[in-house]
Participant: 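Please see the structure below; I have some questions.
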Amino acid sequence: HVQLVESGGGSVQAGGSLRLSCAASEFATSRYCMAWFRQTPGKQRDRVASVHSDGTTVYGDSVKGRFTASLDNTKKTVYLQMRSLRPDDTATYYCAATPVGFWSHSACPAGYLYWGQGTQVTVS
C-alpha cells in the first residue's frame with residue numbers, strides 16, 4: 001500500500017533554513033498531486049504548498065516568498081525548502097499525496113487520499 005515518509009524536521013533558530021523531504025512508496029500513479037500541510041495544537045490544518053505532477057505549484061499566503069516546494073516525478077518525492085523561518089512556522093508538517101483525474105490538468109484538490117506521519121519543525 002501507499003506510504004509517505006517525511007524527513008528533515010528539527011529545531012532551527014529564527015531566520016534560518018530547513019529542508020523537508022517526503023518520499024512516496026507504492027505510488028505508481030502518473031497524474032497526481034503532493035502537498036505539505038502544517039498544524040499546531042488548537043488550530044486548523046493549513047495547506048503550505050501543493051505541487052501537481054505537471055509542475056504547477058501553489059503556496060499558502062503565509063509562506064509565499066519564503067518557502068519553495070518542488071517535485072521529483074521519478075522518485076515520487078516532494079521537497080519543501082524553508083527559508084527565513086519564523087517562530088510562527090513552528091508546527092507539525094504533514095506530507096500528503098493523491099491521484100487526480102485525467103481532467104484535473106494543473107489543479108490540485110483540497111482533499112488528499114494518503115498522509116504521512118508528520119515531522120516536527122520548531123523555530124526559536
Side-chain angles (χ1 to χ4, degrees):
H1 61 90
V2 176
Q3 186 172 8
L4 305 181
V5 179
E6 301 103 330
S7 62
S11 297
V12 65
Q13 296 181 45
S17 299
L18 207 60
R19 190 184 192 225
L20 306 183
S21 300
C22 173
S25 62
E26 303 295 328
F27 189 59
T29 305
S30 60
R31 192 183 302 271
Y32 62 97
C33 288
M34 297 188 73
W36 291 98
F37 294 78
R38 66 185 184 186
Q39 188 170 33
T40 56
K43 296 185 177 181
Q44 70 177 55
R45 179 175 292 177
D46 294 324
R47 187 184 67 181
V48 177
S50 63
V51 189
H52 194 280
S53 52
D54 71 1
T56 303
T57 306
V58 177
Y59 297 95
D61 289 341
S62 64
V63 306
K64 288 179 180 177
R66 300 188 298 122
F67 292 8
T68 302
S70 57
L71 178 66
D72 185 328
N73 279 304
T74 301
K75 298 167 62 177
K76 296 292 179 60
T77 298
V78 66
Y79 305 92
L80 186 67
Q81 180 66 58
M82 304 183 291
R83 303 178 181 88
S84 300
L85 284 162
R86 309 184 303 226
D88 62 352
D89 293 317
T90 296
T92 301
Y93 284 70
Y94 295 90
C95 176
T98 193
V100 296
F102 178 80
W103 303 275
S104 68
H105 300 285
S106 60
C108 286
Y112 286 76
L113 187 59
Y114 306 108
W115 291 82
Q117 80 286 353
T119 185
Q120 179 66 35
V121 172
T122 301
V123 183
S124 61

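Positions are given from 1 along the sequence.
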Participant: Do you know which two heavy atoms are closest between T56 and S106, and how far apart they sit?
Facilitator: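 Heavy-atom minimum between the residues: OG1-CB, 3.0 Å.
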
Participant: Is there a path of hydrophobic side-chain contacts, each under 4.5 Å between heavy atoms, that joins V78 and Y59?
Facilitator: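 Both belong to a single hydrophobic cluster.
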
Participant: Give the minimum heavy-atom separation between S30 and S53, together with the two atoms involved.
Facilitator: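 Scanning both residues completely, I find the closest heavy atoms to be O-OG, 3.6 Å.
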
Participant: Indicate if L80 and W115 have the same hydrophobic cluster label, given that clusters are the connected sets of ILVMFWY residues with side-chain heavy-atom separations under 4.5 angstrom.
Facilitator: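 No, L80 does not connect to W115 through the hydrophobic network.
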
Participant: Does some side-chain heavy atom of Y112 sit less than 4.5 Å from a side-chain heavy atom of C95?
Facilitator: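 The answer is no; the side chains never approach within 4.5 Å.
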
Participant: Provide the closest heavy-atom pair for T29 versus P99 in the form atom of the first, atom of the second, distance.
Facilitator: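 For T29 and P99, the tightest heavy-atom pair comes out as CG2-CB, 3.6 Å.
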
Participant: Measuring from atom OG1 of T92 to atom CD of Q117, what distance do you get when rounded to the nearest 0.5 angstrom?
Facilitator: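 Separation between the atoms: 10.5 Å.
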
Participant: To the nearest 0.5 angstrom, please state how far the NZ atom of K76 sits from the OG atom of S25.
Facilitator: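 Taking NZ in K76 and OG in S25, the distance rounds to 10.5 Å.
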
Participant: Search all heavy atoms of S21 against all heavy atoms of W36 and return the closest pair with its distance.
Facilitator: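 So the two residues come closest at O-CH2, 3.7 Å.
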
Participant: Going through the checks in order, is the side chain to side chain contact (heavy atoms under 4.5 Å, CB included) test met by S17 and V12?
Facilitator: CA-CA 7 Å; S17 299; V12 65; over 6 Å; no

Participant: I need the minimum non-hydrogen distance between T122 and Q120, along with the two atoms involved.
Facilitator: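 Taking T122 first and Q120 second, the nearest heavy atoms are OG1-NE2, 3.4 Å.
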
Participant: How many angstroms lie between OG in S62 and CZ in F67, if you round to the nearest 0.5 Å?
Facilitator: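 Reported value, rounded in 0.5 Å steps: 7.0 Å.
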
Participant: Going from CG on D89 to OG1 on T40, what distance comes out if it is rounded to the nearest 0.5 angstrom?
Facilitator: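 So the CG of D89 and the OG1 of T40 are separated by 11.0 Å.
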
Participant: Treating Ile, Leu, Val, Met, Phe, Trp and Tyr as nodes and any side-chain heavy-atom pair under 4.5 angstrom as an edge, say whether V2 and F37 lie in one connected cluster.
Facilitator: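 No; F37 is not reachable from V2 via cluster members.
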
Participant: If you group Ile, Leu, Val, Met, Phe, Trp and Tyr by side-chain heavy-atom gaps below 4.5 Å, do L18 and V51 land in one group?
Facilitator: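 Shared cluster, yes.
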
Participant: Please report the interatomic distance CG(D54) to OH(Y32), rounded to the nearest 0.5 Å.
Facilitator: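 The OH atom of Y32 is 10.5 Å from CG of D54, to the nearest 0.5 Å.
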
Participant: In a check of side-chain contact (heavy atoms from CB on, under 4.5 Å) between R38 and each of V121, V63, T90, which one passes?
Facilitator: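 That would be V63.
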
Participant: Of all residues at least two apart in sequence or in a different chain, which pass the ring-ring contact (aromatic ring centres under 6.0 Å, His included) check with Y93?
Facilitator: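 Checked Y93 against ring-ring contact (aromatic ring centres under 6.0 Å, His included); zero matches.
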
Participant: Between Y79 and T68, is the side chain to side chain contact (heavy atoms under 4.5 Å, CB included) condition met? List the steps.
Facilitator: CA-CA 8 Å; Y79 305 92; T68 302; over 6 Å; no

Participant: List the atom of P109, the atom of T98, and the distance in Å for their closest heavy-atom pair.
Facilitator: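 Distance-wise, the nearest heavy atoms are CG-CG2, 3.8 Å.
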
Participant: Look up atom OH in Y94 and atom CG in L4, then write down how far apart they are to the nearest 0.5 Å.
Facilitator: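 Interatomic distance, Y94 OH to L4 CG, rounded to 0.5 Å: 13.0 Å.
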
Participant: Please check if the side chain of E6 supplies one atom and the backbone of C22 the other of a donor-acceptor pair under 3.5 Å.
Facilitator: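 Judged by distance alone, no pair lies under 3.5 Å.
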
Participant: Would a single hydrophobic cluster contain both L85 and L20, if residues Ile, Leu, Val, Met, Phe, Trp and Tyr are joined by side-chain heavy-atom contacts under 4.5 Å?
Facilitator: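 Yes; tracing contacts between hydrophobic side chains, which count when under 4.5 Å, links both residues.
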
